[in-house]
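Worksheet: one structure, shown below.
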Amino acid sequence: QGVLVPGLGTFAVVPEEINSTEEVYVVRRPVFQLDMDVSCLQELVFPTVMIPGDIVIMPLDYWWLSQTNSLPPDLVRGCVEETILLYSFQLRDRQHPTFAFENIGILSCQDNVLCMQFHCSCIAGLESQDTWVALLLT
């Protein structure tokens, strides 16, 4: 239910209970817990996201990624590591690039606030029953 991208952070899907006047909704929504070197985040604000301890966090599966693009796992690992390193250097230099995750969302910095914005299609894909509630929460 969670994936750790070393040097960047953890993506996870967490259940969240919402009480309305008529019923209780439990929705699955994506979250991103930033885990970067603090020196990269000078003067930046970012939301504190806590992933519950019962969520299983797995390391990024470079072998699986390599199967999706026909590149060797070591090359995929190197590309991911270099991309995260470049992104952290850009943040440290007060550049605010957008980091896009295909089919997931965008990590962006606006007005010195670094946050993850999930695509509606990602949220809808995780939550089929109460999609609108999950979209509103996220």
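The structure presented is a predicted model; accordingly, all values stated were derived computationally and were not measured.
Closest approach of Phe32 to Leu34, counting heavy atoms only: CE2-CD1, 3.6 Å. Of all heavy-atom pairs between Pro6 and Tyr62, the closest is CD-OH, 3.9 Å. Among all heavy-atom pairs drawn from His119 and Gly105, the shortest one is CD2-N, 3.3 Å. Closest non-hydrogen pair, His96 versus Leu44, comes out as NE2-CD2, 3.9 Å. The two residues Cys79 and Thr83 come nearest to each other via the heavy atoms O-OG1, 2.7 Å. Counting all heavy atoms, side chain and backbone alike, Gly7 lies closest to Met36 at O-CG, 3.4 Å.
Checking side-chain atoms of Asp93 against main-chain N and O of Gln95 turns up no donor-acceptor pair under 3.5 Å. No donor-acceptor pair closer than 3.5 Å links the side chain of Asp111 to the backbone N or O of Val113. With hydrogens and angles ignored, the 3.5 Å screen pairs a side-chain donor or acceptor of Gln33 with a backbone N or O of Val49.
Using a 4.5 Å cut-off on side-chain heavy atoms (C-beta onward), Ile123 and Arg28 make no contact. Between Ile104 and Pro30 there is no side-chain heavy-atom pair separated by less than 4.5 Å. Looking at heavy atoms from C-beta onward, Ile55 lies in side-chain contact with Pro15 at the 4.5 angstrom threshold. Side-chain contact check for Val3 versus Thr10: every heavy-atom pair is 4.5 Å or farther apart. Counting heavy atoms from C-beta outward, Ile51 and Ile57 have side chains that approach closer than 4.5 Å.
Phe101 pairs by the ring pair (Phe, Tyr, Trp, His ring centres under 6.0 Å) definition with Phe11, Phe99, not counting sequence neighbours.
In this structure, the separation between CD1 on Ile84 and CG on Leu8 is 5.0 Å, given to the nearest 0.5 Å.
Among pairs with a residue in residues 76-87, none fulfils salt bridge (Lys or Arg N to Asp or Glu O under 4.0 Å), at least two apart in sequence or across chains. Applying the salt bridge (Lys or Arg N to Asp or Glu O under 4.0 Å) test to every pair with at least one member in residues 39-56, sequence neighbours left out, gives these pairs: Glu43-Arg94.
When the side chains of ILVMFWY residues are joined at heavy-atom separations under 4.5 Å, either directly or via intervening members, Val80 and Leu91 end up in a single hydrophobic cluster.
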